[in-house]
Engineer: 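Quick one: the structure is below, and I'll ask about it shortly.
Computed from heavy atoms alone, side chains included, the values below leave out hydrogens, waters and symmetry copies. A note on names: the letters A, B, ... follow the listed sequences, proteins ahead of strands, and every chain is numbered from 1. Keep in mind it's a predicted model, so treat the numbers as computed, not measured.
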Amino acid sequence: MDYTPNTIEPKWQKYWQDNASFKASMDSSRKKFYCLEMFPYPSGKIHMGHVRNYTIGDVYSRFKSLSGFNVMHPMGFDAFGQPAENAAIKHNTKPDIWTRRCIDAMKEELKKMGLSYDWDREVSTCDSTYYKWNQWIFLKMFEKGLAYKKASSVNWCPACETTLANEEVIDGGCWRCHTEVIQKDLDQWYLKITDYKERLLEDLNKLSEWPSRVITMQTNWINKSKGVEIFFKVKDTDTIIPVFTTRVDTIFGATYIVLAAEHPLAKELIKGKAEEPKAQEFIKATIAKSSVVRSKEDIKKEGVFTGSFAINPVNNEAIPIWIADYVLMEYGTGAIMAVPTHDQRDFLFAKEHNLPMRVVIKPQDKALVVEDMQEAYTSGGVQVNSGEFDGLDNETAKEKIASWMEDKGIGKIQEHWRLRDWLISRQRYWGTPIPIVYCDNCGIVPVESDNLPVELPKDAPFTGEGGSPLGKVAEFVNVPCPKCGEPSRRETDTMATFFDSSWYFLRFTSPLCNDLPFDKEQAKYWMGVDQYIGGIEHAILHLLYSRFFTKFFKDLGLIELDEPFKKLLTQGMVLKDGEVMSKSKGNVVDPDSVIKKYGADSLRLFILFAAPPEVELEWDDRAIEGAFKFLNRVWRIKDNLIEKLDSNTEKALHKAIQKVTQDYESFKFNTAIASLMELVNVIYKTGIDKNGYLKLLVLLSPIAPHMSEELNSLLGEKDAITKKAWPQFDKEKIKEETVNIVIQVNGKVRANIEVDSSITEEDLKQLALGNDNVIKWTLNKPAKKIIVVKNKLVNIVV
RNA sequence: GGGCAAGUGGUGGAAUGGCAUACACGAUGGACUUAAAAUCCAUUGGUCGCAAGAUCGUGAGGGUUCGACUCCCUCCUUGCCCACCA
């Protein structure tokens, strides 16, 4: 009988479903294991990235389950978002209909992969039973002052007609449609994630099982830096311009000041000056450009003189005040002190506009002359031209100048954080309505939590143009004020979808809970997520937001833990011909067609065997055949089972159990598969008995679950393979009586001997010295030194 | 510009201080077959050699060590993330 995955696989998928093989229930007598892969956006079709992500999670999950853990392995859909709106417009349907269809299609494909999900826990963020709790969480945040409204200039995508968080702007374009982003003033809802910045930074220390690069990226994102806010007085006035710097050691070299075009003082300073008309025009032109466009490196650093001067408080020098496009209002105080000799941006600007320069830090061993400088000197060195601080090294000077300025009241030591508040408003239809009402009498009024959910109207008109579709639905917008009952208007913005995905892992613990976002008892048992698996592209935003929400829930008393994800694996991308698979490059391999041809087991095997999980994986059409061939090889063993296992094969089996177990545990699936292949190669030479074969099948079952179940059942086993126990290896059986010892002379391998593993060091030395080849290579020279590494090698140095 | 990875046969990769290239793909040869496919077996880093064997070899150069793909320094290349963050 041949191996026919197309008949075997649906059969076992049905069996698992009918027998609720992967249903997880709380059982405090058993050790739990919560294995989670990042839930997908339901595009309707899975791609190889999904296959890789979910196969890794599935193998680990099945391995943990066979090892005795009470495993929870849920799956759901991150179903709100803009593509549904675009698709609905394109296909003349409605986002919810389109999304539900996509979810069904995608679920079918996921099931065809044979993934061991507890589908009873499925959640879709577009269900009102889910987004009701988004609204509840939002109201709690509003109550605690963590959700607030701010009128501000925001990134605006003209194509999507929606605001974007800075984090969502990629290379000056919208992260989804790549249209160039412009600036627009809107009243926006923000979440005050900055209230949690200390904890978000501090608690990174607790995440010892996260990849260090993700920790580094988060640290840099939150980025705490120490510096000094310096007070520059505008000459002949009482106006103060505060300026923040991390390089206070360069303060004596400040030769001008630069304000952002948006700086509130900019217009005031130019008033009545000869420079006013030119400066006015510059300000207007600069504000029109978005921050992202302005931040492009190739843009020339433009600026105008304001006609005003500032007094440098450390030496009372009057220095010119400029306005320039390279200074951004959002950072620091929106004004900088420029030190062209020691900052490259200032250097270029000063050269361009002929501004003065002065060296205040010079290298240890030589002089630094302004006229000879081709670029700013940004390294450390010795203070010069810095008054009483001359001669100090600049790091010491930094400390001393800072406290000296603070004592004199001309500066203030400050912490500066890079992390900013999180903009969650979207002028979109397909998202969670923000549960807020605007009343002429009462102002901003939260919807009563008893009246949640604020349902998304099913038939809002949207064309993709002209702002919020919800604003056009009268019966949605016009409601009585929850406080005074007078006619008022609902908020028509919806929430960014990152909100939805910031707590779904908690909802999985009790997806039907209807009095809180999640059940406290269930969450206490199942949380935190023992293993989280997903793409490196989520290393900052999604993980940071999820950490923020978790800390917020802790503060509400809903959970006890600080961090949601104990262990994190970031899988590498799937490439074809050295490039990321993408529709635009036309190099996409459709998983479904591979499953049709070779079966899900072969696809799973290939994707794990081709590379370790963390690194990029190169798709290879031929190697998938190799995976299929290997499964056939395992399949055929069933026809040639022998009665009695010989001791060498038995040893090979036990060694494989040891190696495969270790490798699964540490996500080294590629080498685990290699060991299984080696074992199969041995079996082809010597044969194996039924008992040994069954063990091999259990070892293989996390990777090729369908075939393993089929063979297990063909051999007459009553229990499904998912109910079996993980094989244990016997230490006695893998004990080696003899070991191979490498003999080196001066570090070069010259001989190889087989010795009893209990041999003493002295005997081994003598044996090595007496070896013919060793004698040949030592040429009777006396050994200067002999290094013996137990059970491995002898190195004779002559 | 900053940060983080990575660089090993024709290819994917293995080895984290101790026999470099496990396992697989591909290739070549053989067995089976009327034949092909499938399957099974063997060979497969370079150079020299009939062979035994020698010698070179993990991006480049240096260092530490009895011994380095592995640790350290300098450089090169590629990828990813971030970026006028003051």
Side-chain angles (χ1 to χ4, degrees), chain A residues 2 167 170-171 211-217 219-221 223 225 227-228 243-248 250 258 260 291-292 294-297 299 301 324-328 330-339 343-346 348-349 378 416-420 536-537 539-540 570 572-573 575 578 580 605-606 609-612 614-627 629-630 632-633 636 668 670-678 680-681 684-685 740-752 773 783-789 791-798:
Chain A
D2 285 341
E167 297 89 330
I170 296 157
D171 291 334
S212 60
R213 66 167 165 161
V214 175
I215 299 286
T216 309
M217 283 158 96
T219 305
N220 292 343
W221 191 258
N223 192 21
S225 58
V228 179
V243 156
F244 180 80
T245 182
T246 54
R247 289 295 308 274
V248 74
T250 64
V258 190
S291 61
V292 233
R294 276 160 64 187
S295 70
K296 276 188 186 160
E297 213 167 339
I299 295 221
K301 300 194 185 318
D325 60 0
Y326 79 102
V327 173
L328 302 181
E330 299 94 85
Y331 301 117
T333 60
I336 62 154
M337 63 168 200
V339 186
D343 182 288
Q344 185 60 17
R345 292 155 303 184
D346 298 342
L348 292 174
F349 190 80
T378 53
H416 182 73
W417 297 76
R418 185 185 178 281
L419 182 72
R420 275 164 296 138
I536 186 72
E537 67 273 19
I540 298 176
T570 51
M573 285 183 294
L575 310 181
V580 178
L605 178 68
F606 163 75
F609 184 51
E614 300 87 351
V615 305
E616 288 172 344
L617 181 150
E618 176 73 27
W619 178 265
D620 187 340
D621 285 322
R622 288 181 299 201
I624 179 86
E625 287 194 43
K629 258 157 71 173
F630 172 68
N632 273 287
R633 243 167 109 75
R636 281 190 297 271
K668 289 156 99 179
N670 55 334
T671 51
I673 293 165
S675 319
L676 289 172
M677 286 173 166
E678 281 177 87
V680 168
N681 289 342
Y684 262 71
K685 290 204 172 70
N740 191 277
I741 301 286
V742 173
I743 302 173
Q744 299 180 329
V745 178
N746 288 338
K748 281 198 190 288
V749 181
R750 296 302 179 189
N752 238 302
N773 250 327
K784 244 197 276 180
K785 197 171 170 186
I786 301 174
I787 288 126
V788 179
V789 181
N791 287 347
K792 259 185 190 152
L793 106 172
V794 179
N795 187 12
I796 299 156
V797 188
V798 295

Engineer: With a 4.0 Å cut-off on heavy atoms, is A:V789 in touch with a base, just the backbone sugar-phosphate, or nothing at all?
Structural biologist: base
Engineer: Over all strands shown, is A:D343 touching base, sugar-phosphate only, or nothing at heavy-atom distances under 4.0 angstrom?
Structural biologist: nothing
Engineer: Counting only side-chain nitrogens and oxygens, does A:N670 get under 4.0 Å of the OP1 or OP2 atom of B:A14?
Structural biologist: yes
Engineer: Between protein and nucleotides 23-33 of chain B, map the contacts as a letter string: B base, S sugar-phosphate only, - none, heavy atoms under 4.0 Å, written 5' to 3'.
Structural biologist: BSSS-------
Engineer: Tabulate protein N/O versus nucleotide N/O from nucleotides 61-69 of chain B, keeping only pairs under 3.5 Å, one per line.
Structural biologist:
from, atom 1, to, atom 2, distance (Å)
B:C66, OP1, A:K785, NZ, 3.3
B:C66, O2', A:N795, ND2, 3.4
B:C66, O2, A:N795, ND2, 2.3

Engineer: Remember a base hit wins even if backbone is also touched, and classify A:Y684 as base, sugar-phosphate or nothing at under 4.0 Å, heavy atoms.
Structural biologist: sugar-phosphate
Engineer: Quick one: the dot-bracket string of RNA chain B, using Watson-Crick and G-U wobble pairs with both distances under 3.5 Å, [ ] for crossing pairs and | for bases paired to another strand.
Structural biologist: (((((((..(((.....[....)))((((((.......))))))((((....))))..(((((..]....))))))))))))....
Engineer: Which pair of non-hydrogen atoms, one from A:T250 and one from A:M337, has the smallest distance, and what is that distance?
Structural biologist: OG1-CE, 3.6 Å
Engineer: Have a look at A:E616 and say if it touches a base, only the backbone sugar-phosphate, or nothing, with a 4.0 Å heavy-atom cut-off.
Structural biologist: sugar-phosphate
Engineer: From the list B:C81, B:A20, B:G18, which nucleotide is the closest neighbour of the side chain of A:L793?
Structural biologist: B:G18
Engineer: Looking at the side chain of A:W221, which of B:A86, B:G12, B:C82 is the nearest nucleotide?
Structural biologist: B:C82
Engineer: Applying ring-ring contact (aromatic ring centres under 6.0 Å, His included), name anything that partners A:F609, two or more places apart in sequence or on another chain.
Structural biologist: none
Engineer: Does a side-chain N or O from A:R418 land closer than 4.0 Å to OP1 or OP2 of B:A83, or not?
Structural biologist: yes
Engineer: Counting side-chain heavy atoms from CB outward, which of B:A83, B:C19, B:A15 is closest to A:T671?
Structural biologist: B:A15
Engineer: Would you call the rings of A:F349 and A:Y326 parallel, tilted or perpendicular, where under 30° means parallel and over 60° means perpendicular?
Structural biologist: tilted
Engineer: Excluding sequence neighbours, so at least two apart, what forms ring-ring contact (aromatic ring centres under 6.0 Å, His included) with A:F630?
Structural biologist: none
Engineer: Is there any protein nitrogen or oxygen under 3.5 Å from a nitrogen or oxygen in nucleotides 55-59 of chain B, and what are the pairs?
Structural biologist:
from, atom 1, to, atom 2, distance (Å)
B:U55, OP2, A:R750, NH1, 3.3

